[in-house]
Amino acid sequence: MVEVAEEHRVLQETVERFVRHELMPLEGAMLAREAGGGELHLTAAEAAPLLAKCRELGLWGLDAPAELGGADLPATALMLVQEELSRTIVPFSFPPESPVLRLLMAVANEDQRRRYLAPYAQGKIRSATAISEPGAGADPTAMATRAVKEGDHWVLNGRKIWVSYVPQADFTIVLARTAAGRDHRGITAFIIDRDTPGFRIEREIPMLGGHRTYEIAIEDCRVPDSQVLGEPGSGFAHMQLRLTRRRLLMGPMCIGMARRALDMMCEHASQRATFGVKLADRQAIQWWIADAATSIHACRLMALDAAVKQDAGRDVRTEASMIKVFATEMATQVIDRAMQTFGAMGVAKEMPLQLMAQKVRTMRVYEGPTEVHRMVVARRQLAQRG
């Protein structure tokens with residue numbers, strides 16, 4: 001049994017109230033915006049009071065280091081926080097983004113810590129990450145973006161795709177090949193500031209659930225040596241820090257959505273009757289509810305177990321892949337059955353269930369598709385027994 005510290009339970013309750021009182025009242029506006037073809041995002045006017053409330057409640061820089069004004073919370077506490085945030089379809093998170101924060105904390109040099117990590121931890125600047133490419137997808141060895149050294153500068157050329165948040169980002173972490181061949185050890189990470197010449201948004205790509213990603217064109221983009229993140233050739237290895245953190249957080253993200261769907265299913269089943277019988281008294285619905293509660297419980301134990309291991313400094317890449325697969329498939333089934341319980345209303349644009357269904361569908365693709373993670377888990381299991 002994974003024990004959670006009392007102060008972290010108190011934090012979870014604080015976040016639960018924040019979500020209920022501050023975020024859920026905004027869901028109607030978000031649903032209407034997405035139904036009208038708009039992007040599912042908060043306007044500056046909507047976000048400002050939320051950020052102010054975060055500062056008032058101490059919900060800022062939760063896993064940032066104490067020397068930078070953060071709370072330096074362990075992964076176990078962040079799992080609880082993310083679970084509560086994911087119970088709403090309102091796209092809001094407490095600054096800054098944890099995966100990029102952890103990447104900068106691990107590999108940024110002193111100059112980069114001053115210029116990027118410190119203001120990032122304080123929520124003053126935002127980031128994006130550009131990894132995937134047209135034709136490369138989940139295979140980093142097929143990366144075609146190149147960076148060539150010229151004196152004390154690097155010149156980058158290539159294209160990136162499926163990049164989120166880049167219009168709002170003050171800097172983007174870009175992976176590029178700096179050595180010949182297809183070995184991942186020839187990939188380097190670069191920090192590219194907004195408005196750097198040769199780095200531009202080529203097009204916006206509408207995604208499911210009102211989300212937007214972008215294709216980036218990189219043409220003769222010159223950056224100084226000071227923008228190399230970590231050692232040349234170590235970019236892919238360092239990026240695993242961000243990817244692993246992101247995949248672990250997908251566990252509580254899916255738990256939060258599944259919890260919301262289960263709550264809605266139970267409430268509706270207790271009120272709705274068909275042919276003179278309440279849905280709650282029908283065995284099919286009862287089994288859906290039981291299966292959902294059981295799967296959510298199992299997923300939470302997986303997520304907390306991996307968090308405990310990460311806090312202890314252990315390698316949790318395999319656990320992260322397992323969670324990525326199990327959590328997204330679990331949430332897909334729970335949300336789908338909740339939609340079925342509601343009937344036609346379950347697929348209406350004015351209900352949050354359809355947005356959660358679209359979100360979890362995209363989660364089965366990004367940060368590595370399900371099939372790749374199954375392959376990774378199988379290979380590691382076979383290697384251990386070989």
Side-chain angles (χ1 to χ4, degrees), residues 23 26-47 50 85-86 88-93 97 99-100 126-139 144-145 158-175 192 194-195 199-219 242-243 246-247 249-250 253-254 256-257 260-261 324 328-329 331-332 335-336 339 346-372:
L23 298 184
L26 298 173
E27 287 192 339
M30 296 297 105
L31 289 166
R33 191 168 297 162
E34 190 274 336
E39 183 176 1
L40 187 70
H41 78 290
L42 292 166
T43 65
E46 291 166 336
L50 296 175
L85 279 175
S86 299
T88 177
I89 54 95
V90 176
F92 181 83
S93 59
E97 187 203 25
V100 170
R126 301 179 64 179
S127 71
T129 306
I131 305 174
S132 297
E133 299 183 0
D139 180 10
T145 299
R159 302 184 84 82
K160 296 293 181 179
I161 200 168
W162 317 126
V163 184
S164 299
Y165 314 121
V166 70
Q168 300 82 30
D170 297 282
F171 68 93
T172 301
I173 299 175
V174 177
L175 293 190
I192 299 184
R194 182 207 297 269
D195 298 329
F199 182 84
R200 73 173 192 276
I201 297 174
E202 184 75 2
R203 66 184 176 114
E204 178 184 87
I205 309 172
M207 308 292 283
L208 288 177
H211 186 50
R212 300 289 188 271
T213 63
Y214 300 85
E215 183 172 0
I216 305 300
I218 307 173
E219 299 172 347
R242 177 195 173 274
L243 292 173
R246 180 69 169 158
R247 290 161 185 162
L249 288 173
M250 291 177 78
M253 289 170 68
C254 288
M257 287 188 286
R260 177 74 180 281
K324 171 72 164 61
T328 55
E329 293 186 351
T332 295
I335 295 167
D336 184 75
M339 295 172 76
V347 294
K349 283 281 189 178
E350 61 190 63
M351 290 280 283
L353 287 172
Q354 52 87 20
L355 270 184
M356 291 191 291
Q358 293 182 66
K359 181 175 182 178
V360 77
R361 183 62 187 87
T362 63
M363 291 171 71
R364 288 164 53 196
V365 173
Y366 68 69
E367 311 297 357
T370 299
E371 294 72 23
V372 169

Would a 4.5 Å heavy-atom cut-off, applied to side chains only, mark [X] and [Y] as touching?
X: T172; Y: F199; answer: yes
X: R33; Y: T43; answer: yes
X: I201; Y: P167; answer: yes
X: L243; Y: I131; answer: yes
X: F92; Y: M30; answer: no
X: T88; Y: L26; answer: no
X: V174; Y: I216; answer: no
X: R203; Y: I161; answer: yes

Taking the basic N atoms (NZ, or NE/NH1/NH2) and the acidic carboxylate oxygens, is any pair closer than 4.0 Å for [X] and [Y]?
X: R126; Y: D170; value: no
X: R247; Y: E367; value: no
X: E215; Y: R159; value: yes

Point-to-point distance, once rounded to the nearest 0.5 Å, from [atom1] of [X] to [atom2] of [Y]:
X: I89; Y: M257; atom1: CD1; atom2: CE; value: 12.0 Å
X: L40; Y: L31; atom1: CG; atom2: CG; value: 8.0 Å
X: M363; Y: M253; atom1: CE; atom2: CE; value: 4.0 Å
X: H211; Y: I205; atom1: NE2; atom2: CD1; value: 10.5 Å
X: Q168; Y: R194; atom1: CD; atom2: CZ; value: 8.0 Å
X: R260; Y: I335; atom1: CZ; atom2: CD1; value: 11.0 Å

So which atom in [X] and which in [Y] form the shortest heavy-atom distance, rounded to 0.1 Å?
X: L85; Y: S93; result: CD1-CA, 4.1 Å
X: Y165; Y: S127; result: CB-O, 4.2 Å
X: A128; Y: S164; result: CB-O, 3.5 Å
X: T332; Y: V360; result: OG1-CG1, 3.7 Å
X: H41; Y: P91; result: CA-CG, 3.8 Å
X: R212; Y: P206; result: CD-CA, 3.7 Å

Selection residues 346-356 - residue pairs positive for side-chain hydrogen bond (donor to acceptor under 3.5 Å, both in side chains), sequence neighbours left out: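 For residues 346-356: E34-K349, Q354-Q358.
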Is it true that a side-chain atom of K359 and a backbone atom of C254 form a donor plus acceptor pair closer than 3.5 Å? no
Could you tell me whether a side-chain N or O of R246 sits under 3.5 Å from a main-chain N or O of V100, the two making a donor and an acceptor?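 Checked: no pair found.
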Apply salt bridge (Lys or Arg N to Asp or Glu O under 4.0 Å) to D336 and list each qualifying residue two or more places apart in sequence or on a separate chain.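 Expected list: none.
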Checking T145 now: which residues fulfil side-chain hydrogen bond (donor to acceptor under 3.5 Å, both in side chains) with it, not counting sequence neighbours? E133
Atom OH of Y366: over 12 foreign heavy atoms under 6.0 Å: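 Enclosed.
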